[in-house]
Structures are given as structure tokens and as C-alpha cells.
Undergrad: 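I have a structure I would like to understand better, so I am pasting it below and will then ask my questions one at a time.
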Amino acid sequence: MAWGACALLLLLLVLGAGGGGVHCLEVTRSRRALQRRHHLRSRAESGATILELRHHGGGGGGGSGKSGGRSREEELGGLFSSDAARVSSLQRRAGGGSWAEDEAAAAAATGRVPVTSGARLRTLNYVATVGLGGGEATVIVDTASELTWVQCAPCASCHDQQGPLFDPASSPSYAVLPCNSSSCDALQVATGSAAGACGGGEQPSCSYTLSYRDGSYSQGVLAHDKLSLAGEVIDGFVFGCGTSNQGPFGGTSGLMGLGRSQLSLISQTMDQFGGVFSYCLPLKESESSGSLVLGDDTSVYRNSTPIVYTTMVSDPVQGPFYFVNLTGITIGGQEVESSAGKVIVDSGTIITSLVPSVYNAVKAEFLSQFAEYPQAPGFSILDTCFNLTGFREVQIPSLKFVFEGNVEVEVDSSGVLYFVSSDSSQVCLALASLKSEYETSIIGNYQQKNLRVIFDTLGSQIGFAQETCDYI
């Protein structure tokens with residue numbers, strides 16, 4: 001029985017220990033598309049604060065053939081182009097130096113927001129809702145960003161947003177930070193801006209500009225207000241009040257910065273949550289939602305395997321990123337020689353990108369184990385693709401990352417293959433190659449689904465456990 005040309009729902013049946021590192025994949029028809037919802041729940045429990053996470057943006061293993069007049073291929077082409085631009089941006093930042101100026105120049109050279117295949121730019125695609133100044137803001141969760149920012153009224157140039165903009169005039173606790181504030185100094189350090197956040201003249205308020213190579217940006221002033229996280233109130237929370245914002249932010253209010261810097265949400269809530277947070281990213285094809293947990297209470301997790309920790313690599317000159325050492329990769333239980341070294345664990349990059357030597361070794365082993373299925377042309381950043389039309393059941397080799405300390409993390413079966421075409425005529429290995437051996441590999445969110453990923457900044461460790469990512 002051939003697979004249908006409709007949207008696909010993956011039913012992944014993991015074989016037992018004797019299965020030789022292979023997953024059995026069966027495809028059935030899906031009658032419901034992903035429900036996109038911006039108003040998300042939150043609650044406090046057992047000393048932890050829990051925010052509901054939902055996937056934001058299209059693409060993935062299923063979906064309809066067209067969206068807003070664009071074909072599925074055009075939609076995914078724009079998504080992957082945006083993802084590649086984000087990876088390039090992270091490489092510049094991880095390389096050190098005055099990356100902010102380079103990226104601002106690149107954004108200006110492209111007219112700020114380039115149009116590619118008519119597709120929306122969507123690389124940061126998991127959202128949570130927080131309280132701010134008495135209202136609510138739905139923000140994209142990003143572990144590679146320092147600063148939390150939202151769109152503010154009056155807005156000179158803003159992307160379309162569902163719901164009202166944050167209005168500083170309606171919040172009695174709102175205040176703009178001056179140029180001589182310590183937070184303004186921290187902003188300059190975080191962004192690497194040699195020119196400073198206040199320009200050359202006498203400017204009373206601290207301004208900010210965040211620009212990226214894909215043309216997205218946010219500009220405004222640095223301010224503080226009350227932040228509410230499931231009833232936990234953080235007074236004087238520093239954030240960006242953006243009055244000129246464009247990019248892959250969809251209908252959200254802005255972005256939540258979870259990186260490793262003084263202005264990130266994690267650093268600003270150190271007294272409340274001890275520098276520990278975790279997330280479980282839901283499957284995009286389902287209607288379930290995941291969770292962002294602030295605090296170190298592991299009793300609220302629903303992990304099905306014990307948490308295993310690997311050491312976090314500290315490198316203050318390489319941005320706000322979370323680094324770990326990748327010591328190996330296995331495909332279908334077969335070890336692949338790997339020397340990837342330091343990698344970034346990132347919530348905002350979609351596809352895991354590996355240095356060429358490691359990627360080529362993984363690709364060769366996967367092709368060897370998947371040889372019975374006919375190959376198909378590559379698509380965008382994905383160059384290892386197959387035509388699975390006519391197959392009802394496919395055996396997928398398992399994919400496992402091995403981190404320092406012999407910490408083994410198996411990727412959920414849904415994170416191994418990416419369905420480009422809804423009729424399964426183009427199904428690709430969901431990994432990409434970087435351009436150079438000197439770049440830094442990135443573990444993307446497509447390979448983090450159905451995992452509890454714990455970031456312990458004070459303990460300098462990152463933990464992993466298997467978990468079905470329903471809202472807890």
C-alpha cells in the first residue's frame with residue numbers, strides 16, 4: 001500500500017534491544033493539522049515555574065501542500081534558507097570579535113529584510129507566554145540570545161503581531177534605563193558593540209540594536225518592568241522595548257533571551273531559579289505542547305530515562321552559547337569515527353549542522369544502512385535524500401550523540417528524517433554539513449524533540465533524558 005499524498009503522521013515503533021539500533025516507521029493518514037495557539041498556560045509547582053511551550057511556524061514532517069499561496073517546497077526552502085543564515089550568524093559570533101558591527105552591516109546591505117521565495121523567515125520556532133507590566137507577551141524561546149525584547153507602542157516599523165503591542169504608557173512600573181546604568185554597560189559587552197549603546201551625543205536613554213545576517217533586527221531602548229512567570233514576579237526585569245523590528249518572529253511579541261550573559265532571563269532570575277532551566281520540545285506533528293521549566297526541581301519532569309549530565313564548556317569570548325564536547329556519533333548501533341569536539345546546544349537552530357569530516361562519516365554510514373531505499377535529489381541544506389513512495393514501512397537506523405563522560409543521547413525517531421514532500425518522494429536525513437572544519441557544530445532543535453534538556457549554569461553541566469513532551 002503506497003503512502004498517501006496527504007499530510008503524514010509518523011507512528012514510530014521503537015524495536016527492542018535486539019533490534020540492532022533500527023526504528024520501524026509506519027505511516028498513516030493524518031486528519032488534523034498542527035493547532036497553532038499563542039495564549040499559553042503556565043503554573044508554579046513544587047518550587048518550580050513551568051511555562052507551556054508550543055511549536056511556532058510551519059514545515060516539518062507533515063503539513064498541507066500549500067500555505068498562503070506558497071507550495072510546500074517554497075515554504076521549506078525559505079525556512080531552511082533562514083536556518084542557514086542563523087547558523088552562519090552563530091558561526092560569526094562563536095568566532096569572537098566585533099560580530100555585531102559585521103552583522104549590522106550585512107543587514108543594511110540586504111535592505112534589512114530580504115525576500116526569499118516568498119517564504120516567511122522562521123528559525124526561532126518555540127514560544128512561551130509571560131506577563132510583562134500587567135499584560136502578556138508571547139515570545140520565542142532562544143538559548144543563543146542574551147536580551148529579551150518585545151515590540152512596543154508606538155511602533156515605527158514592526159512585524160505583524162497577534163494581540164496588542166506592549167504599551168509602556170499603560171504600565172506604572174515601566175522605566176527607560178539611562179546611558180550611565182550598569183545594564184547599559186552590560187548590553188555593550190553582550191553585543192560586542194564598540195560604538196556603545198548610546199552613540200556619540202548626549203542621549204539620556206540606553207538604546208539597543210540587534211541585527212542578524214538573515215536581515216532580521218530589533219531596535220529600541222533598554223527598559224525595566226515587572227516580569228511575571230507563573231505568578232513569580234521579578235521586579236525591575238531588564239528588556240528591550242523595540243519600536244523597529246522585522247524578521248522571522250511571526251505573530252509573536254518578540255524574543256526571550258536564555259543565553260549566558262548578564263542580561264539574559266536566566267542571569268536576571270538567578271535568585272529565584274538558581275541559574276537552572278530546562279525544556280522539552282514537543283513534536284511538531286502533534287497537537288501536544290512541551291514545557292520550559294525554570295528552577296532545579298526535577299520532580300516535575302516526566303522523563304522515562306535517568307538524567308545523564310555532561311560538562312558544559314565555558315568560553316566567555318564566544319558569546320552566550322551553551323557548549324558541550326561531542327565525542328562520538330552512532331548510526332544504527334554502529335560507531336562513527338568522530339572528532340567534532342565543541343558543539344553548541346541551541347533551541348533556535350532547526351537542523352543539526354556538523355563539520356564536514358564528521359557529517360561525511362555519518363552520511364556514509366547512514367547510506368550504507370539505508371541502501372535498500374532509492375535515493376532522491378537533495379533539498380536546500382539537506383543533501384542526503386530518498387524516494388520512499390510505495391513503502392508502507394521503513395526501517396530507520398537509530399541516531400545517537402555521545403558527549404563527554406560517555407553520555408549517550410538517542411535522538412527521537414522523528415528527528416532522524418525530514419519529510420520535504422508530503423507524498424514521501426523526497427525524504428531527507430535531517431542533518432547538514434557546515435562549510436569548514438574550523439566552524440562550530442550545532443545541535444539543532446529538530447534533534448532535541450522529546451528530550452528533557454537541562455541547563456545548569458552554576459553547576460556548569462547540561463543534562464539529557466528521554467521524555468514525551470506533553471505539557472506537564
Undergrad: Output yes when a side-chain donor or acceptor of Ser278 lies under 3.5 Å from a complementary backbone atom of Arg452, and no otherwise.
TA: no

Undergrad: Does the pair Cys206/Cys184 show an SG-SG distance of less than 2.5 angstrom?
TA: yes

Undergrad: Could you check whether any side-chain heavy atom of Val276 comes within less than 4.5 Å of a side-chain heavy atom of Ile454, counting everything from C-beta outward?
TA: yes

Undergrad: For Ala144, check side chain to side chain contact (heavy atoms under 4.5 Å, CB included) against everything at least two apart and list the hits.
TA: Arg86, Leu90, Asp142, Phe321, Asp346

Undergrad: Would you mind reporting whether Val362 and Leu431 have side-chain heavy atoms less than 4.5 Å apart?
TA: yes

Undergrad: Between the main-chain N or O of Cys469 and the side-chain N or O of Asn450, is there a donor-acceptor pair closer than 3.5 Å?
TA: yes

Undergrad: We want to know whether Glu404 and Asn325 form a side-chain donor-acceptor pair, criterion being a heavy-atom distance below 3.5 angstrom.
TA: yes

Undergrad: Please answer whether the main-chain N or O of Ala156 pairs with a side-chain N or O of Ser244 as donor and acceptor at a distance below 3.5 Å.
TA: no

Undergrad: Is the distance from the ring center of Phe249 to that of Trp149 below 6.0 Å?
TA: yes

Undergrad: Kindly assign one of parallel, tilted or perpendicular to the pair Phe166 and Tyr174, based on the angle between their ring planes and the thresholds 30° and 60°.
TA: tilted

Undergrad: Which residues satisfy the side chain to side chain contact (heavy atoms under 4.5 Å, CB included) test with Gln161, sequence neighbours excluded?
TA: Gln151, Leu165, Ser253

Undergrad: With a sphere of 6.0 Å drawn around CG of Asp160, does it hold more than 12 non-hydrogen atoms of other residues, nucleotides or ligands?
TA: no

Undergrad: Exactly one of Phe273, Phe464, Tyr279, Phe323 should register a ring pair (Phe, Tyr, Trp, His ring centres under 6.0 Å) with Phe455. Which one does?
TA: Tyr279

